[in-house]
Amino acid sequence: MNALHSIILAAACTLPALAGFPQPQQSVKLAYSQQSAVVEFTTDGTAVTKAKPLCDCTTVTIQGNKLIARVDTSKFDQPVAKQIDATTADGKTTRLTMNFDVPAAIILSARSLVWKRGDKCTPQVLTITLPKGSPVTGIQEAGLSGDAFDYAPAKVKEGVKYTVTVTPRSTEKPVLNRLVITTATQDPRFARQIIYLQVKK
């Protein structure tokens, strides 16, 4: 090794390592109808100098090498990720991610029912299941926006399982209707569920 290489190596060894966040991604499991959550990120020692949330639902507080995020989760109705760009004193910017696991209040066997143009008008069954502890206590009604399908709601077990049998009146031409499920709940996030009914080209 020549003298120049020795000097470069020595200089590199004396440079401080860039600070980072050991856990730039965190998973947060929410309870039913949870309104807010607090998530903490900590660097490996260097102070946090600036933080920019990428969503209006998030506010941040900086305490030395710790960043505290407060997130309004009142409108989360399905799993979602929220992010923050955090800058540390060494000039490094890290994108922090919070993955929110939102428990399903209502489970649909499908979000859309599809038939192909020219197919037989075969009935399809939509199954609706309410998990234990769900803020949804039942199904109040099912309504159709449009007139291209016949549908027949049925209760399998009150407060637990329901079905809606849907049959196209014709498959001669493409059409799109919506089946609207109105639920019994005090949580507005889960008051309605929309299922798309379609005859495709």
Side-chain angles (χ1 to χ4, degrees), residues 25-39 54-58 69-83 97-201:
Q25 295 196 40
Q26 294 199 34
S27 297
V28 183
K29 188 173 180 62
L30 299 177
Y32 284 123
S33 304
Q34 185 169 333
Q35 300 296 301
S36 63
V38 177
V39 184
L54 303 186
C55 177
D56 292 340
C57 67
T58 305
R70 291 176 172 81
V71 185
D72 177 3
T73 61
S74 62
K75 295 182 180 179
F76 295 176
D77 62 355
Q78 58 186 339
V80 64
K82 298 298 178 181
Q83 296 177 317
T97 301
M98 300 169 287
N99 296 303
F100 292 96
D101 180 9
V102 182
I106 182 169
I107 299 172
L108 303 174
S109 60
R111 284 285 176 179
S112 62
L113 301 179
V114 178
W115 292 259
K116 290 184 179 180
R117 184 177 181 180
D119 279 355
K120 293 181 178 180
C121 296
T122 304
Q124 292 192 41
V125 179
L126 172 74
T127 302
I128 305 164
T129 306
L130 305 181
K132 185 177 180 180
S134 171
V136 177
T137 58
I139 303 300
Q140 292 182 330
E141 66 176 335
L144 189 69
S145 68
D147 58 3
F149 297 84
D150 291 321
Y151 65 102
K155 177 174 62 180
V156 178
K157 185 177 180 181
E158 181 65 44
V160 178
K161 189 174 182 179
Y162 304 80
T163 62
V164 183
T165 301
V166 181
T167 309
R169 294 181 174 177
S170 171
T171 60
E172 290 183 2
K173 59 182 180 180
V175 68
L176 178 65
N177 283 182
R178 295 187 307 164
L179 180 67
V180 181
I181 306 296
T182 304
T183 69
T185 183
Q186 294 184 347
D187 192 326
R189 291 179 292 180
F190 309 114
R192 293 198 318 161
Q193 299 291 316
I194 297 176
I195 297 88
Y196 292 94
L197 314 177
Q198 185 176 16
V199 176
K200 296 181 70 173
K201 293 181 179 179

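All residue numbers in this chain count up from 1 along the given sequence.
Residues I128 and L108 form a side-chain contact, since some pair of their non-hydrogen atoms from C-beta on lies under 4.5 Å apart. In this structure, I181 and Y162 have side chains that are not in contact, with every pair of non-hydrogen atoms separated by 4.5 Å or more. No side-chain heavy atom of Q124 sits under 4.5 Å from any side-chain heavy atom of L197. Between I139 and V164 the shortest side-chain heavy-atom distance does not fall below 4.5 Å. The side-chain heavy atoms of S33 and R189, taken from C-beta on, include a pair separated by under 4.5 Å. Put simply, the side chain of T163 reaches to within 4.5 Å of the side chain of T127, judged on heavy atoms.
Closest of all the heavy-atom pairs between G146 and L144 is O-CD2, 3.4 Å. Taking both residues in full, the closest heavy atoms of T58 and A69 are given as CG2-CB, 4.2 Å, listed atom of the first, atom of the second, then distance. The minimum heavy-atom distance between V175 and A148, with the atom names listed, is CG2-CB, 3.7 Å. The two residues A37 and V28 make their nearest non-hydrogen contact at CB-CG1, 4.5 Å. Annotation for S170 and E172: closest pair OG-N, 3.1 Å, computed over non-hydrogen atoms. What you find for A81 and T97 is that their closest heavy atoms are CB-CG2, 4.2 Å.
Put simply, NZ on K82 and OG1 on T73 are 11.0 Å apart, with the number rounded to the nearest 0.5 Å. Here the CD atom belonging to Q193 is positioned 11.0 Å from the CD1 atom belonging to I107, to the nearest 0.5 angstrom. Note that OG1 of T165 is 10.0 Å distant from CG of L113, once rounded to the nearest 0.5 Å. Atom-to-atom distance recorded for S112:OG and K200:NZ is 8.5 Å, nearest 0.5 angstrom. Note: Q83 CD to N99 CG = 8.5 Å, rounded to the nearest 0.5 Å.
The list of ring-ring contact (aromatic ring centres under 6.0 Å, His included) pairs with a residue in residues 133-157, not counting sequence neighbours, reads W115-F149. For the salt bridge (Lys or Arg N to Asp or Glu O under 4.0 Å) condition, no pair includes a residue of residues 109-132, sequence neighbours left out.
Within 6.0 Å of CZ on R192 lie no more than 12 heavy atoms contributed by other residues, nucleotides or ligands. Around the CD atom of Q35, the shell of radius 6.0 Å holds more than 12 heavy atoms that belong to other residues, nucleotides or ligands.
Listed for the D101 side chain is no donor-acceptor partner under 3.5 Å among the backbone atoms of P79. Remark: the backbone N or O of D150 is not paired with any side-chain donor or acceptor of T167 at under 3.5 angstrom. Without hydrogens or angle criteria, R169 side chain to D147 main chain gives a donor-acceptor distance under 3.5 Å. Side chain of T182 to backbone of Q140: no donor-acceptor contact under 3.5 angstrom is found.
For the residue pair T185 / D187, no side-chain donor-acceptor distance below 3.5 Å is found, with atom types taken as modelled.
Not counting sequence neighbours, the partners of A105 by the side chain to side chain contact (heavy atoms under 4.5 Å, CB included) test are Y32, S134, P135, V136, F190.
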How far apart are the C-alpha atoms of V102 and Q78, what are their side-chain angles, what is the distance that settles it, and do they pass the side chain to side chain contact (heavy atoms under 4.5 Å, CB included) test? CA-CA 5 Å; V102 182; Q78 58 186 339; 5.5 Å; no
